[in-house]
Protein chains: 2
Amino acid sequence: MARNRTPEGSADESGRRVPPAARTARGSYAVGDERRQRILDTAVDHFARRGFHASSLARIAKGAGITQGGLLHHFPSKEDLLLHVLERADAADREGFLAREFESAAEMFSMLVRLAEHDSARVEQTRMFNVLAAEAGDPGHPAHAYFARRYAGLVEVMAGVLRRAARAGELRPDMEAVAVAVAQEVAAVLDGLRIQWVLDPRGFDLAGRFRAYAERVLRALSVDG
Amino acid sequence: MARNRTPEGSADESGRRVPPAARTARGSYAVGDERRQRILDTAVDHFARRGFHASSLARIAKGAGITQGGLLHHFPSKEDLLLHVLERADAADREGFLAREFESAAEMFSMLVRLAEHDSARVEQTRMFNVLAAEAGDPGHPAHAYFARRYAGLVEVMAGVLRRAARAGELRPDMEAVAVAVAQEVAAVLDGLRIQWVLDPRGFDLAGRFRAYAERVLRALSVDG
DNA sequence: GTCTATATCACGATAGAC
DNA sequence: GTCTATCGTGATATAGAC
């Protein structure tokens, strides 16, 4: 590990790798992409169970139906594989949440509830995020920058929505002062509930619990609450 | 790993190991205990940075000033070492929080704020808990039972305090119905803030943020809020 | 694009000297 | 109680055949 620290050279901006062979010979990415997706799916599964360091390329490859050598053709290092896993998961997030322009705090919260529903249908991916977000607290972790940026962006977007909602008269005016704190709290509730939920997925309804919280906090912050 | 699944045979109920030599020859545990504490401190540090699976006994031993063979004299397996690390941390929790009899919700929250202060003075240990709590979501993880029990106990204690506070007139009567949900939310905020905080410890004040949340939620739940 | 083979290294655990 | 030595396993990554 950590010998090849610049895997970006083999991927384009969107994170989709473009093998020269596929580009020149067929003009189609379908086959290679399918294999890559299988590898990424399997990697999510393994990173979820053991975290990054303790997962093995050979086992991931086996799960994807190829050998370790074959895997390393698609992702030249373990770290490169991790970054592509995160990038793909993040792309889904961005389409679903970060890219949206929310017109009200209520709309944002209901979107977050849908995100929780999405999570509770994917235990593996949720566990992976729990593990990697925690591991990434180490500044030397390959995903440290990714998660630091992710939370900063998430909090910024949410705080912005809260501030706009206050200016628009949806939320109390004193919202301005505590927007960042509330945004961090909302992210924290989602993360914290995920941790408890993964420990016992049948113990309670993740999305339901978060919805109850969201409704309570929205009522507390509303002008007509 | 996982070859020796019953390491309990060498530890007494409190988790303190009692080497026969120390018991019979000197009647003093001081020297051996000191070494054991050094090992446990180092183990906390390593588990925090890499999680359980990716930490190595040889490196932990080196950090504690002995060899891997020497370490395995005190803790006969890696899993045994982890369980003793958790047990020691849990003992501290029980003394500091779970053992307390809270007379009001306000008192409980201020105790939790102190717990957050405690955490923010120990980045390493906090990161360890984040990582292990997330990893333990896997039912096959050695610490799965520990964390499942821990959260169940924590939520039970907090929900009990909230219900008593409602009966005593401190909190609204409808508290009874949502005590468990609120208790889970409180635990979630603490955990979630810890994750964000470890990613950027200088970005915000962990205990301060949690205090702000605690005050807001207490006000929202109070009869005179 | 996928394979086999291999280099190099680290891991957890055991055995036994001192 | 701590050491050295070693076993068996499995890790990442490379090289090169097909």
Side-chain angles (χ1 to χ4, degrees), chain A residues 1-7 10 17-26 28-39 42-43 46-47 49-83 142, chain B residues 1-7 9-10 17-26 28-39 42-43 46-47 50-83 142:
Chain A
M1 210 274 296
R3 251 175 258 183
N4 181 8
R5 284 245 164 213
T6 53
S10 57
R17 197 154 164 277
V18 184
R23 186 191 281 130
T24 57
R26 312 262 168 173
S28 161
Y29 307 136
V31 174
D33 243 36
E34 211 171 285
R35 176 71 83 201
R36 283 174 64 80
Q37 297 305 321
R38 269 255 299 279
I39 296 172
T42 315
H46 282 243
F47 290 154
R49 297 191 127 87
R50 315 272 282 175
F52 173 70
H53 295 294
S55 293
S56 108
L57 290 178
R59 280 206 279 263
I60 293 171
K62 194 174 179 182
I66 56 173
T67 62
Q68 194 218 143
L71 189 156
L72 283 169
H73 168 75
H74 295 280
F75 304 95
S77 77
K78 192 185 184 184
E79 190 173 323
D80 181 80
L81 174 61
L82 171 67
L83 293 176
Chain B
M1 213 274 294
R3 251 177 261 178
N4 181 10
R5 284 249 165 209
T6 53
S10 56
R17 199 156 161 278
V18 185
R23 186 191 282 131
T24 56
R26 312 261 168 173
S28 161
Y29 305 134
V31 173
D33 243 38
E34 212 170 284
R35 176 73 84 202
R36 283 175 65 82
Q37 296 308 319
R38 270 255 298 279
I39 296 172
T42 314
H46 282 244
F47 290 154
R50 315 271 285 175
F52 172 70
H53 294 294
S55 292
S56 104
L57 290 179
R59 279 206 280 264
I60 293 171
K62 194 173 176 182
I66 55 173
T67 62
Q68 192 216 56
L71 189 155
L72 284 169
H73 168 76
H74 294 279
F75 303 95
S77 78
K78 192 186 184 183
E79 190 175 319
D80 181 79
L81 175 61
L82 171 67
L83 293 176

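Lettering of chains follows the sequences in order, A, B, ..., and the numbering in each one begins at 1. Please read these numbers as outputs of a predicted model, since none were measured by experiment.
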A:Leu81 side, atom CG; A:Ile39 side, atom CD1 - distance, nearest 0.5 Å: 7.5 Å
Does B:Leu82 have any side-chain contact (heavy atoms from CB on, under 4.5 Å) partners at least two apart in sequence or in another chain, and if so, which? B:Phe47, B:Phe52, B:Leu86, B:Leu132, B:His141, B:Pro142, B:Ala143
Let's see if you can work this out: which of C:dT14, C:dG1, D:dT12 has an atom nearest to the side-chain heavy atoms of B:Leu72? C:dT14
Report the residue (B:Gly65 or A:Gln68) whose heavy-atom-nearest nucleotide on DNA chain D is the more 5′ of the two. B:Gly65
Can you measure B:His46 atom NE2 to C:dA10 atom C1' for me and round it to whole angstrom units? 15 Å
A:Ser56 or B:Ile66, whichever maps to the more 5' nucleotide of DNA chain D: B:Ile66
Starting at atom CD of A:Glu79, determine the distance to atom C1' of D:dA13, rounded to an integer number of angstrom. 14 Å
Atom CD1 of B:Ile60 and atom C1' of C:dA13: how far apart are they, to the nearest Å? 14 Å
D:dT2 P sits how many Å from B:Leu71 CG, rounded? 10 Å
Any B:His73 side-chain heavy atom under 4.5 Å of B:Ile66 side chain: no
Got a list of protein N/O to nucleotides 15-18 of chain C N/O distances below 3.5 Å?
none

Give the rounded distance in Å between these two atoms: NZ of B:Lys78 and P of D:dT9. 18 Å
Report the nucleotide, chosen from C:dA13, C:dG1, D:dC3, that has the shortest atom-to-atom distance to any side-chain atom of B:Thr67. D:dC3
Are OP1 or OP2 of C:dC11 and a side-chain N or O of B:His53 less than 4.0 angstrom apart? no
Looking only at heavy atoms, what is the nearest atom pair of B:Arg50 and B:Ser55, with distance? CB-OG, 3.7 Å
Round to a whole Å and report the spacing from NE2 of A:His73 to P of D:dT14. 15 Å
What heavy-atom pair brings A:Pro76 and A:Asp80 nearest, and what distance separates the two atoms? CD-OD2, 3.3 Å
Measure from the side chain of A:Arg35, starting at C-beta and using heavy atoms only, and say which of D:dA13, C:dT2, C:dC11 lies closest. C:dT2
Validation: residues 56-64 of chain B side-chain donor-acceptor distances under 3.5 Å, sequence neighbours left out:
{"residue": "B:Ser56", "atom": "OG", "partner": "B:Ala58", "partner atom": "N", "Å": "3.4"}
{"residue": "B:Ser56", "atom": "OG", "partner": "B:Arg59", "partner atom": "N", "Å": "3.0"}

Whole angstrom is fine here: how far is it from CG in A:Leu57 over to P in C:dT2? 16 Å
Please report the distance, rounded to the nearest Å, between CZ in A:Phe75 and C1' in D:dT12. 16 Å
Least distance between heavy atoms, B:His74 atom then B:Arg36 atom: O-NH1, 3.3 Å
Counting just side-chain N and O atoms, does B:Arg59 come under 4.0 Å of either OP1 or OP2 of C:dA10? no
